[in-house]
2 protein chains.
Amino acid sequence: MKPTLQAVADAVGVSRSTVSNAYSRPDQLSAALRERILDAARQLGYPGPNPTARSLRRGFVGSIGVLFTSQLSYAFTDPFAVRFLTGVSAAAERHGTSMLLVPLPPAQTDARRAVENAAVDGFCVYCVADEEWALDVIRARGLPYVSTAPRDDAGADERYVGIDERAAARGIAAHVAGLGHRRVALLADAVLPDAPAGPLTLDGVHEAWHPTTRGRLTGFADAFGEVGVDWADLTVVNALGNSRQAAAAAVAGLFDGPAPPTAVLAGSDVLALGVLDALAQRPGGANPPVSVTGFDDIPEAAAAGLTTVRQPAEDKGRIAAELLLDPPADAAAGHVLLPTALVVRASTGPVPRS
Amino acid sequence: MKPTLQAVADAVGVSRSTVSNAYSRPDQLSAALRERILDAARQLGYPGPNPTARSLRRGFVGSIGVLFTSQLSYAFTDPFAVRFLTGVSAAAERHGTSMLLVPLPPAQTDARRAVENAAVDGFCVYCVADEEWALDVIRARGLPYVSTAPRDDAGADERYVGIDERAAARGIAAHVAGLGHRRVALLADAVLPDAPAGPLTLDGVHEAWHPTTRGRLTGFADAFGEVGVDWADLTVVNALGNSRQAAAAAVAGLFDGPAPPTAVLAGSDVLALGVLDALAQRPGGANPPVSVTGFDDIPEAAAAGLTTVRQPAEDKGRIAAELLLDPPADAAAGHVLLPTALVVRASTGPVPRS
DNA sequence: GATCCAGTCTGAATCGATACAGAGAGGTGC
DNA sequence: GCACCTCTCTGTATCGATTCAGACTGGATC
């Protein structure tokens with residue numbers, strides 16, 4: 001049996017409260033006695049108050065949860081997610097708070113259980129697709145949270161940090177449209193819950209599953225609408241996962257028809273890189289050239305010369321955690337929109353004349 | 001006040017135990033009653049058993065701690081650490097266990113406190129320099145742990161996963177020696193606790209601070225010893241941190257002397273990339289060419305054409321977590337050495353004849 | 001009809017601490 | 001000399017669950 005606080009109290013001949021105070025409120029006892037107590041504890045091999053018992057009594061834990069709705073192990077392979085985590089950890093560090101990364105089992109019942117069982121004081125929810133259930137559980141637990149995905153029905157008092165997805169998407173699409181592109185494909189991950197990889201028919205943007213995807217597709221459509229390209233003229237392509245492989249698989253065959261797209265606007269850099277991979281693999285290479293854009297501006301984007309939208313990934317994480325750890329008094333300040341920037345590189349160019 | 005288990009019991013008119021069983025041991029009550037209880041819970045907005053209270057009573061938490069002795073937010077910027085985490089998370093996922101990332105405050109007293117207060121069932125200790133104190137705390141708490149840094153005084157029953165640092169280092173150094181290099185610099189991070197950046201005088205390898213550094217330097221020295229280059233003839237260079245910038249700063253001026261090194265063996269890829277940065281910055285570029293080697297084989301190494309030692313980063317994390325989560329019955333199986341491979345790329349070449 | 005058993009449910013003890021009101025000792029001010 | 005404080009320390013209630021031995025019920029067994 002490990003020694004408990006009581007054991008130390010007995011050894012020194014004081015009350016439990018006093019030993020507790022020796023650890024948690026040094027000003028409540030004389031320095032001499034405190035020393036005696038800590039010495040005795042050392043002797044007995046008492047490792048300090050049991051964190052769980054302490055949390056129970058105190059009513060808080062000292063750690064925040066980070067929720068990824070995709071697989072946790074996948075998150076670490078996504079450069080954007082890693083930069084987000086970097087930001088969260090910087091804020092956590094400053095506050096002396098730990099981060100609990102909670103893997104969500106595939107079955108929803110189990111996933112709910114996982115969120116219910118997480119010993120944390122609040123959550124940073126990285127990405128909520130239709131995973132409204134997670135927020136429900138968090139709210140039921142009465143825990144604060146900060147979300148990073150736009151939600152249509154977000155309450156005014158709900159803390160959020162993100163970007164203006166639609167405006168940013170519109171900006172990069174306008175760049176592409178300005179280069180003369182009119183036959184365009186829009187590539188996104190998990191556009192519809194169970195759709196196969198490849199071109200897809202969407203009656204409208206509203207059908208898209210993820211709010212983020214919805215925002216970006218809407219922005220793309222805005223820009224092309226302005227130059228006379230209707231929604232129906234745009235090709236929406238679905239990828240099964242946010243990875244280079246998934247993107248490459250999704251656009252396989254896309255350029256083989258009689259009037260292939262001259263540009264592909266991807267919903268993330270990772271997807272865009274996958275498109276570049278696919279183009280490079282084609283017999284004859286990417287000829288005629290296809291313009292490709294990404295989203296996020298991950299480190300690899302620069303090396304690949306990818307035109308993209310830059311968003312401050314680390315800031316997003318840092319601010320999310322800060323919003324959680326010391327909430328602004330003013331509710332309006334809990335809703336943060338970060339700036340974005342269009343980064344033009346070599347992956348976009350004028351429409352080749354054929 | 002949030003409803004408690006008791007409140008649900010009262011609402012349904014059953015005992016607390018029964019409600020508890022409804023959640024944790026469904027086989028202990030009739031399905032009908034269980035439904036009634038869960039319904040009532042839903043009505044009352046009871047979010048399920050309080051995780052902290054449950055942990056206290058049950059005696060375990062359901063999460064493992066991951067300890068980085070450097071800054072947590074730094075860990076996310078280190079590709080090797082990220083891959084390690086990927087592996088840990090894959091194992092955690094499979095076990096339905098959460099990961100607690102504990103930032104360690106700079107002051108040692110505070111850092112001890114942080115380890116004492118972490119609510120976890122065990123620790124993966126990523127990197128232990130002289131931070132023996134962390135292991136002391138963990139042992140005092142009676143928690144299991146797996147370490148990934150070689151320790152001179154490791155007990156036989158101590159779980160460990162790593163590589164044969166010395167042999168791997170010797171291998172890559174032999175490659176460099178085989179190319180004819182005799183004037184060689186060895187670059188490592190934090191060779192001595194408070195040493196400045198730049199060349200350093202070490203009486204022997206044993207003085208090096210980190211066990212990992214010690215292992216690698218020893219291997220380097222082994223290989224050069226075999227071709228007649230003594231320890232005293234090797235230049236040890238200290239970097240203030242494991243980053244490209246720190247490496248570049250450390251080797252500034254190294255190539256300005258009359259007999260500059262023709263090769264630099266770095267203790268990590270990140271450092272090696274920094275050396276390449278520094279060489280590229282020199283007026284006239286890297287001329288005559290300097291051979292540079294790294295260690296780890298992070299993704300960026302391939303792009304940079306860096307000769308390095310590949311070690312299975314994700315496996316390291318995965319196995320560490322598995323060793324922790326289901327310990328092998330056989331104590332010897334708790335000590336895992338992973339394979340390494342020499343990866344020769346363009347960054348090493350024969351000594352230029354001047 | 002007594003015995004035994006499986007299936008349900010209950011009650012008390014327990015996990016390991018913290019909070020808070022208050023007791024007692026010793027010192028100050030007037 | 002008395003009221004009043006401050007400084008230390010104690011005792012009890014409490015945080016919110018789980019555990020385990022046992023009570024009760026209704027049916028099957030012999």
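Everything quoted here is computed from the prediction, not taken from an experiment. Below, read A as the first sequence line, B as the second, and so on, with proteins coming before strands; counting in each chain starts at 1.
- Phe68(A) and Phe76(A) have their aromatic ring centers separated by at least 6.0 angstrom.
- Note on Thr18(A): a base of the nucleic acid sits closer than 4.0 angstrom, heavy atoms only.
- Residue Ser15(A) has its side chain nearest to dT10(D) when only dA17(C), dT10(D), dC9(C) are considered.
- When heavy atoms are screened at a 4.0 angstrom cut-off, Leu56(B) is found touching base atoms of the nucleic acid.
- Contact detail for Pro26(B) and Ser24(B): the closest heavy-atom pair is CD-C, 3.6 Å.
- Looking at heavy atoms from C-beta onward, Val12(A) lies out of side-chain contact with Thr18(A) at the 4.5 angstrom threshold.
- At a threshold of 4.0 angstrom between heavy atoms, the contacts of Phe60(B) with the nucleic acid are absent.
- Nucleotide dG7(C) holds its P atom 15 Å from the CG atom of Asn21(B), rounded to whole Å.
- No side-chain heavy atom of Pro144(A) sits under 4.5 Å from any side-chain heavy atom of Pro327(A).
- Distance from the side chain of Ser30(A) is smallest for dT8(D) among the nucleotides dA13(C), dC9(C), dT8(D).
- Between Val120(A) and Val61(A) there is no side-chain heavy-atom pair separated by less than 4.5 Å.
- Atom CZ of Arg25(B) is separated from atom C1' of dT10(C) by 14 Å (rounded to the nearest Å).
- Taking every side-chain heavy atom of Val14(A) into account, dT10(D) is the closest of dT18(C), dA13(C), dT10(D).
- Dashed line: the shortest gap from a side-chain N or O of Arg54(B) to OP1 or OP2 of dT18(D) is under 4.0 Å.
- A heavy-atom distance below 4.5 Å is found between the side chains of Met99(B) and Ser89(B).
- Between the CG atom of Leu33(A) and the C1' atom of dC7(D) there is a distance of 13 Å, rounded to whole Å.
- One interatomic measurement links the two molecules: CD of Gln28(A) to P of dC20(C), which rounds to 11 Å at whole-angstrom precision.
- Distance from the side chain of Ser17(A) is smallest to dG11(D) among dT19(D), dG11(D), dA17(C).
- Using a 4.0 Å heavy-atom cutoff across all strands shown, Ser24(B) reaches sugar-phosphate atoms only and no base atom.
- If you take CZ of Arg16(A) and P of dC20(C), they are 16 Å apart, rounded to a whole angstrom.
- A heavy-atom distance below 4.5 Å is not found between the side chains of Leu100(B) and Ile64(B).
- Arg57(A) has no side-chain polar atom (N or O) that falls below the 4.0 Å cut-off from OP1 or OP2 of dG16(D).
- Of the residues near DNA chain C, Arg58(A) and Asp27(B), the one whose nearest nucleotide (by heavy atom distance) lies more toward the 5' end is Asp27(B).
- Distance Tyr46(B) OH to dG16(D) P: 10 Å, rounded to the nearest Å.
- Between Tyr23(B) and the phosphate of dG16(D), there is no side-chain N or O to OP1/OP2 separation shorter than 4.0 Å.
- Minimum atom distance to the side chain of Thr4(A) is reached by dA17(C), of the listed dG16(D), dA17(C), dA19(C).
- Panel note: side chain Lys316(A), backbone Ile163(A); no donor-acceptor pair is recorded below 3.5 Å.
- Per the geometry, CG belonging to Leu5(A) stands 13 Å off P belonging to dT10(D), to the nearest Å.
- From one end of the helix from dG1(C)-dC30(D) to dC30(C)-dG1(D) to the other, with five pairs defining each end axis, the axis direction shifts by 30° (rounded to 10°).
- One can place CG of Leu29(B) at 10 Å from P of dT10(C), the figure rounded to the nearest angstrom.
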